[in-house]
Amino acid sequence: MDHTSKEVAIEFPNFRIYKDGTIDRFDGDPTVPPSPDSETGVRSKDVVISPESRISARIFLPKISDPAGKLPLLVYYHGGAFCVESHFSPTYARYAASLAEESNVVVLSVHCRRAPEDLLPTAYEDAWEAIRWAAAHSGGNGPEAWINHHADLGRVFVGGDSSGGTLAHNVVLRAGVDGLSGPRIVGLALFNPYFKNEEPDMLLEVIFPSCSGPNDPRVNPFSDPNLARVGCSRVLVFVAEKEMYRDRIWGYYEALKKSGWSGVVEIMESEREGHVFFLFDPDSEKARAVRKRAASFLNQA
């Protein structure tokens with residue numbers, strides 16, 4: 001498509017949004033199909049969570065050693081600045097499979113609608129709808145057999161990276177404030193989450209026009225009066241030393257500790273690494289250390 005005559009609203013290294021509300025995703029939308037991994041034994045399949053809302057997911061099932069046993073369920077929200085990437089992309093299909101294998105958990109990798117086609121807070125509502133869909137399996141009679149047969153809804157974790165970490169935090173906070181019938185959310189795993197601070201954010205001005213400003217709790221949890229009501233008992237936060245969000249992530253960790261929340265929060269910093277480095281160099285020593293720490297967290301009851 002010829003966009004040479006269109007006015008640019010904002011540009012990033014991997015996408016450009018125009019003032020007419022259209023977008024160029026420079027890498028396109030690469031996808032890989034679900035398939036079994038002969039080396040790890042991880043299988044995957046795609047499911048539709050809501051045809052009306054166009055919310056979908058890919059389930060990753062590790063090698064099953066005990067057919068009668070059940071594994072923790074990780075509901076995972078991918079990053080991409082709310083605008084790019086998907087659960088079908090090579091990057092996230094690979095990472096979700098690695099989490100399933102390393103942690104021996106069932107991973108529900110969720111894809112919410114993206115901006116600018118669907119402006120925020122659409123993705124927040126989609127993320128909540130996805131966790132409610134997962135919750136419907138609590139009695140073993142949900143719409144998806146793999147979750148009914150293999151996932152323990154008494155050991156649910158929610159996680160995400162970058163903007164997906166923003167969604168994950170908001171989902172678990174909403175579960176604590178509004179309640180979520182059925183499952184027990186044990187923990188929240190935030191992989192280099194994106195949180196706003198007092199500085200202007202041009203991207204949010206474009207894709208989140210209803211945002212109330214720098215203190216909107218949906219993007220700035222430090223200002224949220226409900227922070228102490230996060231709906232789980234444990235939180236694990238990952239941060240990278242060289243990422244631009246480092247101070248905000250450490251600030252979230254400190255704010256949660258001081259909020260009056262009764263759970264336990266931990267943080268792990270990866271030295272000399274940048275934002276979501278573990279996605280782009282998943283076989284590095286430090287990326288493996290992140291997965292190992294996540295696996296330990298996801299296997300605590």
Contact check, side chains of [X] and [Y], non-hydrogen atoms, under 4.5 Å:
X	Y	answer
Leu204	Leu120	yes
Trp146	Val47	no
His87	Val110	no
Leu256	Val235	yes
Leu153	Ile147	yes

Listed once per pair and sorted, the side chain to side chain donor-acceptor pair (under 3.5 Å) pairs that draw on residues 207-222, sequence neighbours left out: Ser212-Asp216, Asp216-Arg218
Phe195 and His169 aromatic ring geometry - parallel, tilted or perpendicular at 30°/60° bounds: perpendicular
Between the side chains of [Y] and [X], is the shortest nitrogen-to-carboxylate-oxygen separation below 4.0 Å, so that they form an ion pair?
X	Y	value
Arg114	Asp29	yes
Glu117	Arg25	yes
Glu125	Arg174	yes

Minimum heavy-atom distance Pro282-Ala287, with the two atoms named: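 Looking at all heavy atoms of both residues, the shortest contact is O-CB, 3.5 Å.
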Considering all heavy atoms, the nearest Leu180-Pro183 contact: CD2-CG, 3.8 Å
Greater than 12 external heavy atoms within 6.0 Å of Arg234's CZ: yes
Other residues, nucleotides, ligands: >12 heavy atoms within 6.0 Å of Asp66 CG: yes
Distance check, rounded to the nearest 0.5 Å: [X] atom [atom1] versus [Y] atom [atom2]?
X	Y	atom1	atom2	answer
Ser163	His78	OG	NE2	7.5 Å
Leu71	His150	CG	NE2	8.5 Å
Asp118	Cys112	CG	SG	10.5 Å
Lys196	Arg248	NZ	CZ	7.0 Å
Glu102	Thr40	CD	OG1	11.5 Å
Arg113	Glu129	CZ	CD	7.5 Å

Output field: ring centroids Tyr245/Tyr194 closer than 6.0 Å: yes
Look at the side chain of [X] and the backbone N and O of [Y], then say whether any donor-acceptor pair between them is shorter than 3.5 Å.
X	Y	value
Asp24	Phe26	no
Lys70	Asn148	yes
Trp261	Cys232	yes
Ser296	Arg293	no

Check against side chain to side chain contact (heavy atoms under 4.5 Å, CB included), Leu203 and Ile17: CA-CA 9 Å; Leu203 176 62; Ile17 299 177; 4.1 Å; yes
Identified side-chain contact (heavy atoms from CB on, under 4.5 Å) counterpart of Arg43 within the set Pro36, Ser35, Pro62, Pro34: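 Among the candidates, only Pro36 passes.
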Sole candidate of Arg291, Lys292, Lys286 that passes side-chain contact (heavy atoms from CB on, under 4.5 Å) when paired with Arg288: Arg291
Distance-only donor-acceptor check, side chains Glu144 and Trp133, under 3.5 Å: no
Candidate pair Tyr252 and Ile267, rule side chain to side chain contact (heavy atoms under 4.5 Å, CB included), full reasoning: CA-CA 10 Å; Tyr252 172 86; Ile267 193 166; over 6 Å; no
Candidate pair Glu273 and Asp281, rule side chain to side chain contact (heavy atoms under 4.5 Å, CB included), full reasoning: CA-CA 10 Å; Glu273 297 292 351; Asp281 191 11; 5.9 Å; no
Pair listing, salt bridge (charged side-chain N to carboxylate O under 4.0 Å, His left out) test, anchored in residues 72-99, at least two apart: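 Of all non-adjacent pairs touching residues 72-99, none passes salt bridge (charged side-chain N to carboxylate O under 4.0 Å, His left out).
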Hydrophobic cluster (4.5 angstrom, side-chain heavy atoms) - remaining members for Phe191: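 Besides Phe191, the hydrophobic cluster comprises Val42, Phe60, Leu74, Tyr76, Tyr92, Tyr95, Leu99, Val105, Val107, Phe157, Val186, Leu236, Phe238, Met268, Val276, Phe277, Phe278, Leu279, Phe280, Val290, Phe297, Leu298, listed by chain and residue number.
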Stepwise side chain to side chain contact (heavy atoms under 4.5 Å, CB included) test for Trp250 and Val237: CA-CA 9 Å; Trp250 273 100; Val237 184; over 6 Å; no
